[in-house]
Amino acid sequence: MLDNVIMLVFAMISIALLLNLWRLLRGPSLPDRILALDTMYINSIALIILYGLLMGSPLYFEAALLIAMLGFVSTVAVCKFLLRGDIIE
């Protein structure tokens with residue numbers, strides 16, 4: 001039963017990832033595109049965690065943590081670049 005639920009959630013998050021990709025490509029403004037990219041990495045983290053649950057391996061959780069840290073830093077860097085024009089002061 002749990003395998004069926006994981007596959008259903010996997011399909012739902014994949015659809016959400018495709019919708020985020022559409023917003024990234026067709027976003028009306030730059031902040032919309034940044035928000036779509038931020039949401040895409042959060043959805044990819046969820047997909048990796050679900051795959052780790054399905055396979056029963058703790059290695060995927062470490063990969064998801066690494067992607068979460070890199071995604072946060074990259075979002076902060078891009079937002080800082082948009083506000084100030086440079087990343088390092």
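Remember, it's a predicted structure, so these values are computed and weren't measured experimentally.
Note on Phe10 and Leu17: same hydrophobic cluster, where clusters join Ile, Leu, Val, Met, Phe, Trp and Tyr whose side-chain heavy atoms are under 4.5 Å apart, directly or indirectly. Cluster annotation: Met7 is connected to Val9 through the hydrophobic network of ILVMFWY side chains, with a link wherever side-chain heavy atoms come within less than 4.5 Å. Linking ILVMFWY residues whenever their side-chain heavy atoms come closer than 4.5 Å, directly or via other members, places Leu37 and Val76 in the same cluster. Hydrophobic clustering keeps Leu35 apart from Leu21 (ILVMFWY residues linked when any side-chain heavy atoms are closer than 4.5 Å, directly or through intermediates).
Other residues sharing the hydrophobic cluster of Met1, ordered by chain and number and joined by side-chain separations under 4.5 Å: none, the residue standing alone. Other cluster members for Leu66: Met69, Leu70, joined by side-chain heavy-atom distances under 4.5 Å among Ile, Leu, Val, Met, Phe, Trp and Tyr.
For residues 2-13, no residue pair satisfies the side-chain hydrogen bond (donor to acceptor under 3.5 Å, both in side chains) rule, not counting sequence neighbours. Among residue pairs with one or both ends in residues 5-20, none qualify as side-chain hydrogen bond (donor to acceptor under 3.5 Å, both in side chains); sequence neighbours excluded.
Taking 4.5 Å as the limit, every side-chain heavy atom of Arg23 sits out of range of all side-chain heavy atoms of Leu19.
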Listing, residues 40-62 side-chain donor-acceptor contacts under 3.5 Å, not counting sequence neighbours, or none:
residue, atom, partner, partner atom, Å
Tyr41, OH, Asp38, OD1, 3.2
Tyr41, OH, Phe72, N, 3.4
Ser44, OG, Met40, O, 3.4
Ser44, OG, Tyr41, O, 2.7
Ser57, OG, Leu59, N, 3.4

Just distance, no hydrogens or angles: give the donor-acceptor pairs under 3.5 Å from side chains in residues 24-33, sequence neighbours left out.
residue, atom, partner, partner atom, Å
Ser29, OG, Asp32, OD2, 3.2
Arg33, NE, Leu24, O, 3.2
Arg33, NH2, Gly27, O, 3.1

